[in-house]
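Here the structure is laid out as structure tokens; the discussion comes afterwards.
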Amino acid sequence: MVEQMYNRIAVMCFSLLLMAPLAKAQPLPQAGPQSFKSDDAFLDYVERQTFNYFWDEANPTNGLIRDRSTEDSPCSVAAVGFGLSAINIAVDHGWIGRTNGAERARRTMETLWNSPQGASAGGCAGYHGWFYHFLDMNTGTRAPGSELSSMDTALLMMGVIDAGQFFTDPTNHTEAQVRRLSADLVARIDWPFMLQSDDHLVDMEWKPESGYGPARWVGYNEGSCLYLLALGGATKALPFSLWDGWTRGYHWGDCYGQSLLPEPALFTHQYSQVWIDFRGIADTCMRKRNSGYFENTRLATLMQRQYAVLNPLHFPNYGSNEWGFTACDGPQTTVDGVHYSGYLARGAPAGVDDGTIAPTAAASSLPFTPEACLSVLRHLYDTYGTNLWTTEGFRDAYNIRAHWFARDLLGIDQGPMVVMLENYRTGSTWSRMMSSPTIQRGLERAGFTAPPPDRVAATQMGAGRVELSWHDKSPYKTGFRIESSTNNKDFELAAEVGADATRVSLSASPGETHYFRVRTLSPAGLSRSEE
């Protein structure tokens with residue numbers, strides 16, 4: 001007799017140098033369109049040019065990266081997180097040398113580690129291990145009025161972890177420093193400091209002048225990576241119940257006949273998944289819906305495309321190759337009596353839609369709906385040329401009805417483009433991050449499981465031998481543990497096999513009934529069976 005078990009898989013889920021103020025002109029448009037031999041050649045070009053943002057818009061002395069491509073922009077710590085992952089990708093592709101990449105990563109994290117932490121309103125980069133949303137590009141300390149941001153710190157830490165996962169040469173001193181700084185920065189975060197309410201929800205912000213803000217992270221949005229980091233911390237981690245509090249705020253809806261968590265702005269779906277590969281794994285909430293976070297984002301992306309196809313009346317440029325609604329810059333003007341907002345979280349089918357399209361919306365959903373998103377990128381590049389394309393990738397947004405193309409590029413929009421294009425093309429960032437012990441612990445403690453091996457069967461192979469076979473439904477190379485029992489209660493280890501195995505031969509005493517179960521293994525240890 002064979003018992004099929006659901007499996008809970010634990011894969012993964014000094015003083016700063018002062019320098020003269022940086023000066024940099026606006027990104028120059030590319031001189032004329034280019035042709036490409038293949039879609040992959042096009043994507044490689046887009047990815048390579050977009051990476052330039054994180055190399056060129058950084059202060060090379062301290063590694064901090066501008067929030068946007070303007071001379072007076074402060075550093076965005078979230079952009080730094082994206083930038084650290086972008087450096088890994090650039091090294092892999094040979095766009096920069098490994099030595100240069102490791103040194104930039106080390107310098108960046110050394111700046112973060114050595115910048116003062118404290119409760120004073122000025123002269124500090126953060127407090128309790130958390131970082132202010134914006135930092136001065138030169139001093140690395142709090143930009144005026146900036147809040148201690150839990151979400152932006154989380155995005156920063158995802159890049160910090162990724163750098164530690166990438167630079168692993170045991171013989172290289174710089175890479176060893178990167179790994180040490182990565183571990184120290186994550187371990188320094190005082191997670192309970194941002195958990196001040198009795199509802200087990202993480203606060204969004206804190207300021208030395210006013211304390212905690214009124215809002216907390218709850219319900220489905222970009223905050224899932226924040227909670228997984230909080231659960232996965234090796235020190236000062238938050239309780240397992242945190243994920244239940246987060247998911248209790250979920251509100252399901254129906255859109256074009258599909259049931260999903262319908263956050264209108266695509267960045268809310270994409271940010272966490274820049275680093276966390278949710279394919280094939282689900283928490284309790286998603287298992288009840290027979291769905292997953294990857295699938296939910298796929299649907300949300302397709303809903304935007306469908307909306308653009310069905311709503312060209314006021315925006316005649318909308319269509320299957322022209323859509324993408326998310327947080328982005330806007331015209332901030334009035335044209336023909338119609339007012340257009342500036343920076344705003346736009347979204348569709350629900351949410352605000354004023355005709356402003358952001359290339360990052362489709363580009364950052366490429367792994368979810370490849371054909372639909374690739375056609376958008378090719379169309380935007382071919383149609384709008386240098387109005388939208390620069391030496392650092394696509395400008396942030398455009399609005400045809402308002403006759404407007406954005407001047408700036410934003411780090412938090414360029415970053416998801418670089419990493420998601422890479423996840424689509426090679427999956428390298430996902431692969432690194434899903435083997436991080438911090439991410440593994442976070443997913444395990446949040447209750448994520450992978451699909452169990454199915455079609456489990458036992459075949460008698462002669463006296464005292466049984467061949468057990470199964471079908472592996474997990475996208476991860478996790479290996480398997482086979483357990484046996486003669487009473488269907490007390491199971492013992494019978495065998496462990498590698499990731500590519502789908503069968504094993506076992507001994508079985510003649511004349512007895514044997515029960516078997518196949519459980520997944522992961523880098524974090526044995527998975528737990530579904531209760």
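Values below: all heavy atoms of this structure, side chains included; hydrogens, waters and symmetry mates excluded.
- Using a 4.0 Å cut-off between a side-chain N of Lys or Arg and a carboxylate O of Asp or Glu, Arg107 and Glu110 do not qualify as a salt bridge.
- Here the side chain of Asn423 pairs a donor or acceptor atom with the backbone of Trp430 at under 3.5 angstrom.
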- Task: Give the C-alpha distance, both sets of side-chain angles, the deciding distance and a yes or no for side-chain contact (heavy atoms from CB on, under 4.5 Å) between Phe193 and Trp206.
- Result: CA-CA 10 Å; Phe193 177 75; Trp206 177 90; 4.0 Å; yes
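- A donor-acceptor pair is defined here as one N or O able to donate and one able to accept, closer than 3.5 Å; no such pair exists between the side chain of Asp152 and the backbone of His133.
- Salt bridge absent: Glu71 and Arg66 never bring a charged side-chain N and a carboxylate O closer than 4.0 Å.
- A donor-acceptor contact closer than 3.5 angstrom is absent between the side chains of Trp275 and Tyr271.
- Under the rule for a side chain to side chain donor-acceptor pair (under 3.5 Å), Ser182 has no partner lying at least two apart in sequence or in another chain.
- For the pair Thr108 (side chain) and Arg104 (backbone), a donor-acceptor distance under 3.5 Å is present.
- Contact check for Glu392 versus Phe51: no side-chain heavy atoms found under the 4.5 Å cut-off.
- Looking at Tyr293 and His269, their side chains never bring a donor and an acceptor atom within 3.5 Å of each other.
- Because its NZ or CZ atom is not both nearer than 6.0 Å to the ring centre of Trp243 and within 45° of the ring axis, Arg445 does not count as a cation-pi partner of that residue.
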- Message: salt bridge (Lys or Arg N to Asp or Glu O under 4.0 Å), that's the test. Do Arg106 and Glu103 meet it? Break it down for me.
- Response: CA-CA 5 Å; Arg106 182 203 64 77; Glu103 175 57 27; 2.5 Å; yes
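- When side chains are defined from C-beta on, Leu135 does not count as touching Pro74, because their heavy atoms never get closer than 4.5 Å.
- Shown here is Glu209, whose CD atom has more than 12 heavy atoms of other residues, nucleotides or ligands within 6.0 Å.
- No side-chain heavy atom of Arg216 sits less than 4.5 Å from a side-chain heavy atom of Met194.
- Atom OG1 of Thr391 and atom OH of Tyr53 lie 12.0 Å apart (nearest 0.5 Å).
- Note on Arg98 versus Asp169: no salt bridge recorded, every NZ/NE/NH1/NH2 to OD/OE distance being 4.0 Å or above.
- Residue Val274 comes nearest to Met420 through the heavy atom pair N-CE, 3.7 Å, listed as atom of the first residue, atom of the second, then distance.
- Judged purely by atom type and a 3.5 angstrom limit, Thr326 uses its side chain to pair as donor or acceptor with the backbone of Phe267.
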- Task: Run the numbers on Arg68 and Asp329 for salt bridge (Lys or Arg N to Asp or Glu O under 4.0 Å), then give the verdict.
- Result: CA-CA 11 Å; Arg68 59 175 60 231; Asp329 277 347; 2.9 Å; yes
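- No hydrogens or angles considered: a donor-acceptor pair under 3.5 Å links the side chains of Ser435 and Gln165.
- Defined by atom type and a distance below 3.5 Å, a donor-acceptor pair is missing between the side-chain atoms of Asp190 and Tyr127.
- Under the 4.5 Å side-chain criterion, counting only non-hydrogen atoms from C-beta, Leu266 is in contact with Thr301.
- For the pair Ala446 and Asp283, the tightest heavy-atom approach, listed with the atom from each and the gap, is O-CB, 4.1 Å.
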- Task: Carefully, step by step, assess Arg481 and Leu493 under the rule side-chain contact (heavy atoms from CB on, under 4.5 Å).
- Result: CA-CA 7 Å; Arg481 174 184 172 113; Leu493 173 66; 3.5 Å; yes
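- Side-chain polar atoms of Gln270 and Ser365 form a donor-acceptor pair below 3.5 angstrom.
- No donor-acceptor pair closer than 3.5 Å links the side chain of Thr141 to the backbone N or O of Cys124.
- Arg395 places no side-chain N or O within donor-acceptor distance of the main-chain N or O of Leu388, the cut-off being under 3.5 Å.
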- Query: Going through the checks in order, is the ring pair (Phe, Tyr, Trp, His ring centres under 6.0 Å) test met by Phe480 and Trp470?
  - Reply: CA-CA 10 Å; Phe480 301 92; Trp470 61 90; 5.4 Å; yes
- Item | side-chain hydrogen bond (donor to acceptor under 3.5 Å, both in side chains) assessment of Asp162 paired with Ser85 | CA-CA 6 Å; Asp162 192 17; Ser85 286; 2.7 Å; yes
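- At distances below 3.5 Å, not a single donor-acceptor pair connects side-chain atoms of Asn221 with backbone N or O atoms of Thr268.
- Both tests hold for Arg142 against Tyr132: distance to the six-membered ring centre under 6.0 Å, angle to the ring axis within 45°.
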- Task: Before giving the answer on side-chain contact (heavy atoms from CB on, under 4.5 Å), spell out for Leu226 and Leu155 the whole-Å C-alpha distance, their side-chain angles and the decisive distance to 0.1 Å.
- Result: CA-CA 8 Å; Leu226 167 63; Leu155 297 174; over 6 Å; no
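- The main-chain N or O of Gly145 is found under 3.5 Å from a side-chain atom of Lys207 such that the two form a donor-acceptor pair.
- Expressed to the nearest 0.5 Å, how far NE2 of His471 lies from OG1 of Thr502 amounts to 9.0 Å.
- Gln117 contributes a side-chain N or O that, together with a main-chain N or O of His128, makes up a donor-acceptor pair within less than 3.5 Å.
- Phe167 places a side-chain heavy atom less than 4.5 Å from the side chain of Asn88.
- The heavy-atom pair separating Leu238 from Pro192 by the smallest distance is CD2-N, 3.7 Å.
- Ring centroids of Tyr227 and Trp191 are separated by 6.0 Å or more, keeping the two rings apart.
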- Query: Given the rule in the side-chain contact (heavy atoms from CB on, under 4.5 Å) test, do Trp217 and Ser150 qualify, once you have shown the distances and angles that lead to the verdict?
  - Reply: CA-CA 9 Å; Trp217 290 102; Ser150 55; 3.0 Å; yes
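- Counting heavy atoms from C-beta on, the side chains of Val419 and Tyr424 never come closer than 4.5 Å.
- Rounding to the nearest 0.5 Å gives a distance of 11.0 Å between CD of Glu263 and OG1 of Thr297.
- Of the inter-residue distances, the one linking Leu43 atom CG with Glu422 atom CD reads 10.5 Å to the nearest 0.5 angstrom.
- Aromatic pair Phe368/Phe294: centroids less than 6.0 angstrom apart.
- No hydrogens or angles considered: a donor-acceptor pair under 3.5 Å links the side chains of Ser364 and Thr360.
- Ser38 and Asp40 share no side-chain donor-acceptor pair at under 3.5 Å.
- At least one side-chain heavy atom of Ile482 sits less than 4.5 Å from a side-chain heavy atom of Val497.
- Ser272 pairs by the side chain to side chain contact (heavy atoms under 4.5 Å, CB included) definition with Ser224, Cys225, not counting sequence neighbours.
- For the pair Arg432 and Phe166, the cation does not sit on the ring face, since its NZ or CZ is not both under 6.0 Å from the ring centre and inside 45° of the axis.
- A distance of 5.5 Å separates CD of Glu222 from CE of Met151, quoted to the nearest 0.5 Å.
- Counting heavy atoms from C-beta outward, Arg179 and Glu175 have side chains that approach closer than 4.5 Å.
- Of the possible polar contacts, none joining the Gln49 side chain to the Gly393 backbone as a donor-acceptor pair under 3.5 Å is found.
- Once rounded to the nearest 0.5 Å, the distance linking CG of Leu421 with CZ of Arg48 reads 14.0 Å.
- If you run side chain to side chain contact (heavy atoms under 4.5 Å, CB included) between Leu112 and each of Leu156, Asp184, Asn62, only Leu156 comes through.
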